Amino acid sequence: MHATPGADGTVTAHVDAGGEPWERVRALLERRLCDLPPGCLLEVVTVDPGVRDALPDWCPGTGAALLSAEDTGDTTSFLVRVPARAAL
């Protein structure tokens with residue numbers, strides 16, 4: 001997938017999840033979605049396979065749009081557009 005750039009083309013927030021498990025990352029992302037302005041771009045970076053598998057399925061349930069997923073070695077970077085209103 002390729003990212004659609006934001007209005008100004010920049011990522012608003014970055015979450016480096018490292019090797020944290022999905023349960024912890026999900027809780028963090030749900031808090032971040034509530035704090036970030038609608039339509040902004042959130043980059044999530046992970047090395048955990050559970051996060052790589054779960055994040056794409058999680059986005060539609062929150063109203064967030066997964067714009068891209070890029071694998072580089074054992075690291076995956078996701079670009080997510082924050083919804084107008086988080087459906088948490």
Side-chain angles (χ1 to χ4, degrees):
M1 284 184 271
H2 292 91
T4 304
D8 63 359
T10 61
V11 171
T12 304
H14 176 86
V15 172
D16 185 347
E20 291 292 330
W22 171 241
E23 294 77 22
R24 289 182 58 129
V25 174
R26 182 185 67 226
L28 172 64
L29 292 177
E30 288 173 354
R31 287 191 305 273
R32 294 294 285 166
L33 285 184
C34 292
D35 294 341
L36 292 169
C40 76
L41 298 178
L42 171 65
E43 181 181 36
V44 181
V45 179
T46 185
V47 297
D48 185 272
V51 174
R52 284 193 290 252
D53 293 340
L55 191 138
D57 293 332
W58 172 81
C59 284
T62 65
L66 179 60
L67 302 179
S68 70
E70 183 177 331
D71 292 321
T72 307
D74 61 351
T75 302
T76 302
S77 298
F78 295 97
L79 189 59
V80 176
R81 184 171 308 281
V82 173
R85 177 180 231 190
L88 306 173

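One is the number of the first residue; the rest follow in order along the sequence. What's counted below: heavy atoms across the whole structure, side chains too, no hydrogens, waters or symmetry copies. On a predicted model such as this, the values are computed, not experimentally measured, just so you know.
Legend: residues meeting side chain to side chain donor-acceptor pair (under 3.5 Å) with Asp57, ordered by chain and number and at least two apart, are absent. With sequence neighbours left out, the side chain to side chain contact (heavy atoms under 4.5 Å, CB included) criterion links Pro60 to no other residue. Under the side chain to side chain contact (heavy atoms under 4.5 Å, CB included) criterion, Ala13 pairs with Arg32, Leu36, Leu42, sequence neighbours left out.
The shortest heavy-atom contact between Ala17 and Val25 is CB-CG2, 3.6 Å. Residue Pro83 comes nearest to Gly63 through the heavy atom pair CB-O, 3.2 Å, listed as atom of the first residue, atom of the second, then distance. The shortest non-hydrogen separation linking Glu30 to Trp58 is OE2-NE1, 3.4 Å. Smallest separation of non-hydrogen atoms from Thr12 and Cys40: OG1-CB, 3.1 Å.
Note: Leu79 CG to Leu41 CG = 5.0 Å, rounded to the nearest 0.5 Å. With rounding to the nearest 0.5 angstrom, the OG atom of Ser77 is 7.5 Å from the NE2 atom of His14. In this structure, the separation between OG1 on Thr75 and CZ on Arg52 is 7.5 Å, given to the nearest 0.5 Å.
Evaluation of the side chain to side chain donor-acceptor pair (under 3.5 Å) test over residues 18-29, restricted to residues two or more places apart or in two chains, returns Glu20-Arg24.
Under the 4.5 Å side-chain criterion, counting only non-hydrogen atoms from C-beta, Thr76 is not in contact with Leu55.
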What side-chain donor-acceptor pairs closer than 3.5 Å can you find for residues 44-51, not counting sequence neighbours?
{"from": "Thr46", "atom 1": "OG1", "to": "Gly18", "atom 2": "O", "distance (Å)": "3.4"}
{"from": "Thr46", "atom 1": "OG1", "to": "Asp48", "atom 2": "N", "distance (Å)": "3.0"}
{"from": "Asp48", "atom 1": "OD1", "to": "Gly50", "atom 2": "N", "distance (Å)": "2.7"}
{"from": "Asp48", "atom 1": "OD1", "to": "Val51", "atom 2": "N", "distance (Å)": "3.1"}

